There are 2 protein chains.
Amino acid sequence: MKTLEDLSNELKRKNIRLTHQRLKILEYLSNSKTHPTVEEIYHALKNEVPSLSKTTIYNTLNYLSELKLIKTLIVDDNEARFDAVTGSHGHFKCDECGKIYDFDLNTEAFDTEYLDDFKVNEKIVYFKGICPGCLSKI
Amino acid sequence: MKTLEDLSNELKRKNIRLTHQRLKILEYLSNSKTHPTVEEIYHALKNEVPSLSKTTIYNTLNYLSELKLIKTLIVDDNEARFDAVTGSHGHFKCDECGKIYDFDLNTEAFDTEYLDDFKVNEKIVYFKGICPGCLSKI
DNA sequence: TTATTAGTTTGTAATCATTACAAGGTAGAA
DNA sequence: TTCTACCTTGTAATGATTACAAACTAATAA
Ligand SMILES: [Mn+2]
Ligand SMILES: [Mn+2]
Ligand SMILES: [Zn+2]
Ligand SMILES: [Zn+2]
């Protein structure tokens, strides 16, 4: 559970201007495990930060994403999702309930000799199927 | 290089109604290695099939995708791309020129013990970086 | 061949996530 | 406190995709 103070320090260290909105958005994302959409963040924060606009959420998330402080997830539906966990890990999307799970992943295990002449900057791995909870209900 | 006749037989075997539009779209996609967008397919075919509408391209691609005859690729830009190669393989997107390359991939090599209780139906792997052609130009 | 009909194509309008823009507001430095 | 570059906000624009309804046609059977 990251506090506002933790996040303040993180942004200060990176010379990112501290604003109430940025801190609240980053706080929400950091303490979330659901890879929320812009819409979800907006609804979660609008009571606490009534002036908050969706444009600010887009701006903030895109900015933090450029700075590699968060990750933007593209899954097969039509809304971007965001992840404060920037270390390499895989995602599992349940086709039944829509939940997105994290899982550990050894990206070195890929046998990619074909790509020897390519400069690989990012490895995205994403599985689809049915989660244990949904499997037990069928 | 698949002919219209090859594709006709393929659709007949699957009991998919044969239409001129479907055959042309599938022919174009089958002989393409660029993972084209709807827009690209539309521009490539509109001279040969002047009546063709984008809605038909969407309908056709979505239908063939449901039937697992083609694959829909979600990359990090905002347009879906399509692939007639349905076997398991990875994609590499060059951040410089935008090209999408195929590469062989042994999906069994993933160490995914965490997912033992999950039913995995699909494994999507997608790398980003710079391709050899663009690397040599820098 | 012709008639029938369920499925297909097409153009247009609607939807919806995201971005552009400009005006007003504010963090941080001096 | 003042200044200014940067940030936030609401609204409008964009662009990919889908909804819809009318016209059309592939496939089947008489
Ligand atoms: Mn994650
Ligand atoms: Mn491919
Ligand atoms: Zn589930
Ligand atoms: Zn390239």
Side-chain angles (χ1 to χ4, degrees), chain A residues 4-5 7-28 35-43 45-67 69-70 72-82 98, chain B residues 4-5 7-28 35-43 45-67 69-70 72-82 98:
Chain A
L4 282 180
E5 205 185 336
L7 296 166
S8 285
N9 292 330
E10 213 167 315
L11 296 187
K12 270 184 198 153
R13 222 179 303 124
K14 298 259 184 182
N15 281 319
I16 298 166
R17 192 176 284 204
L18 281 175
T19 68
H20 185 54
Q21 291 87 339
R22 282 182 180 169
L23 283 170
K24 283 311 216 176
I25 292 167
L26 192 52
E27 180 192 42
Y28 182 79
H35 307 91
T37 63
V38 165
E39 199 62 33
E40 283 165 39
I41 298 172
Y42 179 68
H43 280 110
L45 294 182
K46 70 177 177 187
N47 284 324
E48 221 178 333
V49 189
S51 79
L52 186 64
S53 108
K54 272 185 203 172
T55 301
T56 298
I57 302 178
Y58 279 107
N59 288 341
T60 298
L61 295 172
N62 289 343
Y63 184 49
L64 296 177
S65 209
E66 272 170 34
L67 298 173
L69 273 172
I70 65 173
T72 303
L73 254 58
I74 305 293
V75 289
D76 60 354
D77 47 24
N78 50 343
E79 273 178 306
R81 293 174 167 275
F82 299 89
Chain B
L4 282 179
E5 204 185 336
L7 296 167
S8 285
N9 292 331
E10 213 168 315
L11 296 187
K12 269 184 200 153
R13 220 180 305 126
K14 297 259 183 180
N15 281 320
I16 298 166
R17 192 176 286 206
L18 281 176
T19 68
H20 186 53
Q21 291 87 338
R22 281 181 180 170
L23 283 170
K24 284 310 217 174
I25 293 167
L26 192 52
E27 180 193 40
Y28 182 80
H35 307 91
T37 62
V38 165
E39 198 64 32
E40 284 164 38
I41 297 172
Y42 179 70
H43 281 109
L45 294 181
K46 72 177 174 186
N47 286 323
E48 221 180 334
V49 190
S51 80
L52 186 64
S53 108
K54 272 186 205 172
T55 302
T56 298
I57 302 179
Y58 278 107
N59 287 342
T60 299
L61 294 173
N62 288 344
Y63 183 48
L64 296 177
S65 208
E66 273 171 33
L67 297 174
L69 273 172
I70 65 173
T72 303
L73 254 58
I74 305 294
V75 289
D76 58 355
D77 47 23
N78 49 342
E79 273 177 305
R81 293 173 166 275
F82 299 88

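What you are looking at is a predicted structure, and each value in this text was computed from that prediction instead of being measured. Protein chains get the first letters and strands the later ones, always in sequence-line order, with residue 1 at the start of each.
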Original post:
To the nearest angstrom, how far is A/Leu11 atom CG from D/dC6 atom C1'?
Top reply: 15 Å
Subject >> Atom-pair distance (CG on A/Leu45; C1' on D/dT8), nearest Å >> reply: 15 Å
**OP:** Rounded to the nearest 0.5 Å, what's the gap from CD1 on A/Ile25 to OH on A/Tyr58? Could you check?
**Re:** 12.0 Å
Original post:
Given atom OH of B/Tyr42 and atom P of C/dT9, what is their separation to the nearest angstrom?
Top reply: 15 Å
Original post:
Given A/Arg13 and A/Asn9, is the side-chain contact (heavy atoms from CB on, under 4.5 Å) satisfied, shown in steps?
Top reply: CA-CA 6 Å; A/Arg13 222 179 303 124; A/Asn9 292 330; 4.2 Å; yes
Original post:
Rounded to the nearest Å, what distance is computed from the CG atom of residue A/Asn15 to the C1' atom of nucleotide D/dA5?
Top reply: 14 Å
Original post:
Can you give one letter per nucleotide of nucleotides 12-20 of chain D, going 5' to 3': B for a protein heavy atom under 4.0 Å from the base, S for sugar-phosphate only, - for none?
Top reply: ----SBBB-
Original post:
In whole Å, what is the span from the CD1 atom of A/Ile57 to the P atom of D/dC7?
Top reply: 17 Å
Original post:
In Å, rounded to the nearest 0.5 Å, how long is the span from CD of B/Gln21 to OG of B/Ser51?
Top reply: 5.5 Å
**OP:** Flag the pair A/Lys24 and A/Glu27 as a salt bridge only when some basic side-chain nitrogen lies within less than 4.0 angstrom of an acidic carboxylate oxygen.
**Re:** yes
**OP:** Of all the heavy-atom pairs spanning A/Leu52 and A/Leu45, show the shortest one and how long it is.
**Re:** CD2-CB, 3.8 Å
**OP:** Name all residues meeting the side-chain contact (heavy atoms from CB on, under 4.5 Å) criterion together with A/Thr37; count only those two or more places apart in sequence or in a different chain, and write none if there are none.
**Re:** A/Glu39, A/Glu40, A/Glu79, A/Arg81
Original post:
Base, sugar-phosphate, or nothing: which does B/Thr37 touch, judged by heavy atoms less than 4.0 Å apart?
Top reply: nothing
Original post:
What string of B, S and - do you get for nucleotides 1-8 of chain C, 5' to 3', if B is base contact, S is sugar-phosphate-only contact and - is no contact with any protein heavy atom under 4.0 Å?
Top reply: -----BSS
Original post:
In whole angstroms, how far is the P atom of C/dG11 from the NZ atom of B/Lys46?
Top reply: 12 Å
**OP:** Measure the CD-CG distance between B/Glu10 and B/Leu69 for me, rounded to the nearest 0.5 Å.
**Re:** 6.5 Å
**OP:** Measure the distance from NE2 on A/His20 to C1' on D/dC6 and round it to the nearest whole Å.
**Re:** 18 Å
**OP:** Using atom CG of B/Leu23 as one end and atom P of C/dT9 as the other, report the distance to the nearest whole Å.
**Re:** 10 Å
Original post:
Below 4.0 angstrom from OP1 or OP2 of D/dT9, is there any side-chain N or O of A/Ser51?
Top reply: yes
Subject >> Nearest heavy-atom neighbours spanning B/Ala80 and B/Thr72 >> reply: CB-CG2, 4.1 Å
Original post:
Hey, is the main chain of A/Thr60 close enough, under 3.5 Å, to the side chain of A/Arg22 for a donor-acceptor pair?
Top reply: no
